[in-house]
Amino acid sequence: MALWTLIGTGVLTEPTLVFEEMLETSRHSLIQYRLPKTGEVVPLLQIAPSKTDQERVLLLSPELADVLSTVNTRICEPRTGVVPQVAAYDYNERVWNPPMPLLFQYDRSGEISAMNDEFLRKRLNDVLDATGLTGADGSPLAFDPQDFRRIFIADAFRSGLPSHIAQVIAGHADINTTMGYNAIYPAEAIEAHRAFIARRRACRPSEEYRMPTEGEWDAFLSHFEKRKVSEGTCARADLPASTSTLVSDARSSGLIQPNGHG
């Protein structure tokens, strides 16, 4: 069980698969592609339609290829090298799928069964319980499989991965969904903005950033004072504050012309 926990964690830390797609991955999902120019063989993962009802074929990272290769070796029949076919229950459609050579299967008391989400969720939380890690309030941590995608995509953004590439890898139909995974902290936003301003200043003539003269600064401040008067936000000695507000509202709505006559 500890090995399956490690394998499940290794797969979920890659954003290629959502939890449901991982459980539906079969031996037929692993394919090879030979690059026409170099002749190099690269591993690909064919993902069946799931959330977006669209089939995807993605390049496997070396880490994920190693994990899936370990799974394939573990579940193969020792004599024939064939992956046993098992039937899995679809909890969304509430039907049994036909037997397939699923990679995520295990021996349950002598019977080969397909793994379900409850099985792997329990394995992940058992590991957390063993670590003794707690939250800020002292309660034990609980992981959801979707948390791994959030962590990976946020880390990919911080490493400079373009958002549209992250969208394709994660299988999102809308890029706004991908951007929702990006954890932006105030300090990061401030530092990124300061770096942007520094780059922009470096591209502009230095005389544009000189200190203003006293006359220029006074003209700048008087502009806002005149704007306050024109909008009626100033307090008038001869009118109550409420009356001044009414006059301002009437001027802004066009009932009072600039010359003061309605």
Side-chain angles (χ1 to χ4, degrees), residues 1-27 29-30 45 47 50-51 60-76 83-84 86-94 96-97 100-159 161 166 169-172 177-178 180-188:
M1 294 304 176
L3 178 60
W4 280 116
T5 304
L6 180 63
I7 289 172
T9 304
V11 175
L12 291 174
T13 50
E14 300 280 340
T16 307
L17 296 168
V18 298
F19 196 45
E20 295 80 5
E21 292 172 342
M22 182 188 75
L23 296 176
E24 295 173 357
T25 302
S26 71
R27 177 63 182 83
S29 303
L30 304 176
L45 182 65
I47 303 173
S50 177
K51 295 176 64 176
L60 281 177
S61 67
E63 294 80 9
L64 185 55
D66 183 61
V67 171
L68 294 180
S69 176
T70 302
V71 174
N72 184 72
T73 303
R74 180 177 177 82
I75 64 177
C76 282
V83 175
V86 294
Y89 185 74
D90 191 325
Y91 287 90
N92 293 324
E93 302 294 337
R94 297 185 178 181
W96 283 94
N97 292 325
M100 294 184 294
L102 299 176
L103 293 183
F104 287 87
Q105 55 177 272
Y106 70 109
D107 188 339
R108 186 178 64 179
S109 302
E111 178 185 1
I112 302 298
S113 302
M115 294 184 188
N116 54 33
D117 58 352
E118 182 181 354
F119 176 86
L120 282 178
R121 287 176 192 273
K122 188 177 186 306
R123 301 283 84 75
L124 293 174
N125 286 309
D126 285 346
V127 171
L128 278 178
D129 291 341
T131 62
L133 296 175
T134 60
D137 58 352
S139 60
L141 291 179
F143 255 153
D144 186 90
Q146 195 72 3
D147 293 335
F148 288 93
R149 284 171 67 81
R150 297 188 184 98
I151 294 171
F152 184 95
I153 294 176
D155 184 66
F157 276 124
R158 285 195 294 268
S159 301
L161 184 69
I169 295 175
H172 293 152
T177 304
T178 311
Y181 285 74
N182 186 17
I184 301 178
Y185 302 98
E188 295 177 358

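No experiment lies behind these values; they were computed from the predicted model shown.
- Rounding to the nearest 0.5 Å gives a distance of 7.5 Å between OG1 of Thr131 and CG of Asp129.
- In terms of modelled atom types and a separation under 3.5 Å, the side chain of Gln105 and the main chain of Pro84 share a donor-acceptor contact.
- Shortest non-hydrogen contact noted between Asn72 and Arg27 is OD1-CD, 2.9 Å.
- Not a single donor-acceptor pair under 3.5 Å links the side chain of Ser69 to the backbone N or O of Ala65.
- Annotation: side chain of Leu103 is in contact with side chain of Leu30 (closest heavy-atom distance under 4.5 Å).
- Closest of all the heavy-atom pairs between Ala87 and Asn97 is CB-O, 3.5 Å.
- Taking CG of Leu68 as the start and OG1 of Thr73 as the end, the distance is 10.5 Å to the nearest 0.5 Å.
- Residues Phe119 and Phe104 keep their aromatic ring centres 6.0 Å or farther apart.
- In terms of heavy-atom proximity, Glu24 sits nearest to Leu102 at O-CD2, 3.8 Å.
- Met115 and Tyr106 get closest at one heavy-atom pair: CG-CD2, 3.5 Å.
- Side-chain contact check for Ile112 versus Ile75: every heavy-atom pair is 4.5 Å or farther apart.
- The nearest pair of heavy atoms linking Ala166 to Phe157 is CB-CZ, 4.2 Å.
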